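Written out below as structure tokens is the structure these notes cover.
Computed from a prediction, not measured in an experiment: that's the story for all the values here.
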Amino acid sequence: MWYAHNPGRRACQLLGDGAALLWTALWAAAALAAHRLVQPSSPPAAHRPRIPLLGSSVDGALRGVAHAGNRIVSAAPAPQEPAAAQALAVLGAMALFVIPVGLMLTVWLPRRIRWTRQAAAAQDLAATEDGRELLALRALLRPLDELAATAALLPAQPDGTLDRDQDQDQELELDPDLDVPPETGPGSLAKGWREADPVVLDALADAELQRLGLRA
């Protein structure tokens, strides 16, 4: 899969992909325009049109490249003039396209591929009980504030599900330092995972799926 189920996460991914495509298209247009500007066969024009969608600074830089290419072409020996100018035009256009687009791809493409692989693996794990236990373990490694938010979503523990070790203590006392029941908080998630509590395992697995923007 290439996009998340969560609407917000999917919108961010669509915006990122659209920005990557727009960046590629703009630099492709700039490279083609620069290639045409330095073509030796094109007659000199009194007025060269501005390159669309580019600012004045970028347009001026491209014109500088064109003038430099014209000077190099005029300085080349006559027998080699067409071939040398054509090679310079092609190399300049390729560099103008490859450098900015390559830098963008080194940042954008690995992140998209990594999310795609993680999302596909998470969906496969969520289909089995052992896989959901692995997802729960992965969720336990998240920051403490995220674990606390997950623990707050757990349903209240019924009286009949208390541990047998607590039969001697019928009253649930509050921690004097935290002023909360001792069985709440991220620590209860670790305990529930060790004891294979299905409620805790499902809550942790769903939290990991939601972190990736997938449907729990």
Side-chain angles (χ1 to χ4, degrees), residues 1-126 135 138 141-143 146 208-215:
M1 64 182 308
W2 193 246
Y3 293 103
H5 298 149
N6 181 272
R9 185 71 175 268
R10 183 169 61 248
C12 291
Q13 290 174 337
L14 288 171
L15 287 176
D17 294 349
L21 291 176
L22 180 61
W23 180 266
T24 303
L26 286 178
W27 282 108
L32 289 176
H35 181 267
R36 291 170 183 170
L37 287 174
V38 299
Q39 279 290 340
S41 58
S42 59
H47 174 72
R48 295 181 184 270
R50 290 176 57 86
I51 300 174
L53 301 179
L54 294 179
S56 58
S57 59
V58 178
D59 183 72
L62 292 177
R63 292 179 187 279
V65 173
H67 292 319
N70 290 335
R71 287 195 297 268
I72 294 175
V73 170
S74 61
Q80 299 178 357
E81 180 177 340
Q86 184 68 25
L88 286 174
V90 172
L91 289 177
M94 289 179 59
L96 189 62
F97 174 78
V98 169
I99 292 176
V101 174
L103 291 176
M104 180 271 297
L105 289 177
T106 58
V107 176
W108 169 79
L109 190 58
R111 298 179 60 184
R112 294 293 285 123
I113 293 177
R114 182 169 61 251
W115 181 89
T116 301
R117 295 177 61 182
Q118 290 179 352
Q123 281 193 318
D124 292 340
L125 290 174
L135 288 176
R138 176 68 180 270
L141 303 178
R142 303 303 302 167
E146 297 184 14
E208 182 65 16
L209 292 174
Q210 291 172 3
R211 183 186 68 83
L212 294 172
L214 302 179
R215 190 177 298 110

Can you see which heavy atom on T116 is nearest to which on W2, and at what distance?
OG1-CE3, 3.2 Å
Nearest 0.5 angstrom please: M94 CE to L96 CG, how far?
12.0 Å
Audit row: V107, L103, side chain to side chain contact (heavy atoms under 4.5 Å, CB included) steps and yes/no
CA-CA 7 Å; V107 176; L103 291 176; over 6 Å; no
The complete set of salt bridge (charged side-chain N to carboxylate O under 4.0 Å, His left out) pairs with one or both residues in residues 98-109, sequence neighbours excluded, reads none
Can you tell me how far CG of L26 sits from CG of L21, rounded to the nearest 0.5 angstrom?
11.0 Å
For a quick test of reading the model, state the closest non-hydrogen atom pair linking Q123 to L214 and the distance between them.
CG-CD1, 3.9 Å
Would you compute the distance between atom CG of N6 and atom CG of L209 and round it to the nearest 0.5 angstrom?
12.0 Å
Indicate the atoms forming the closest heavy-atom contact of L135 with A122, along with that distance.
CD1-O, 3.8 Å
Could you check whether R112 makes a cation-pi contact with Y3, meaning its NZ or CZ is under 6.0 Å from the centre of the six-membered ring and within 45° of the ring axis?
yes
Quick check on R10: does its CZ atom have over 12 non-hydrogen neighbours (other residues, nucleotides or ligands) under 6.0 Å away?
yes
Show, in sequence, the C-alpha distance, side-chain angles and deciding distance for V98 and W27, and conclude whether the side chain to side chain contact (heavy atoms under 4.5 Å, CB included) test is met.
CA-CA 9 Å; V98 169; W27 282 108; over 6 Å; no
Look up atom CD in E208 and atom CD in Q118, then write down how far apart they are to the nearest 0.5 Å.
8.0 Å
Please report the shortest heavy-atom distance between W115 and L212, naming the atom on each side.
NE1-O, 2.9 Å
Go through H35 and V90 one step at a time and tell me if the side chain to side chain contact (heavy atoms under 4.5 Å, CB included) criterion holds.
CA-CA 7 Å; H35 181 267; V90 172; 3.9 Å; yes
If I take atom CZ from residue R9 and atom CG from residue L14, how far apart are they, to the nearest 0.5 angstrom?
12.5 Å
I need the minimum non-hydrogen distance between A4 and G213, along with the two atoms involved.
CB-O, 3.3 Å
Pair listing, side chain to side chain donor-acceptor pair (under 3.5 Å) test, anchored in residues 92-110, at least two apart:
D17-W108
Shortest non-hydrogen pair, A31 vs F97, comes out as CB-CB, 3.8 Å
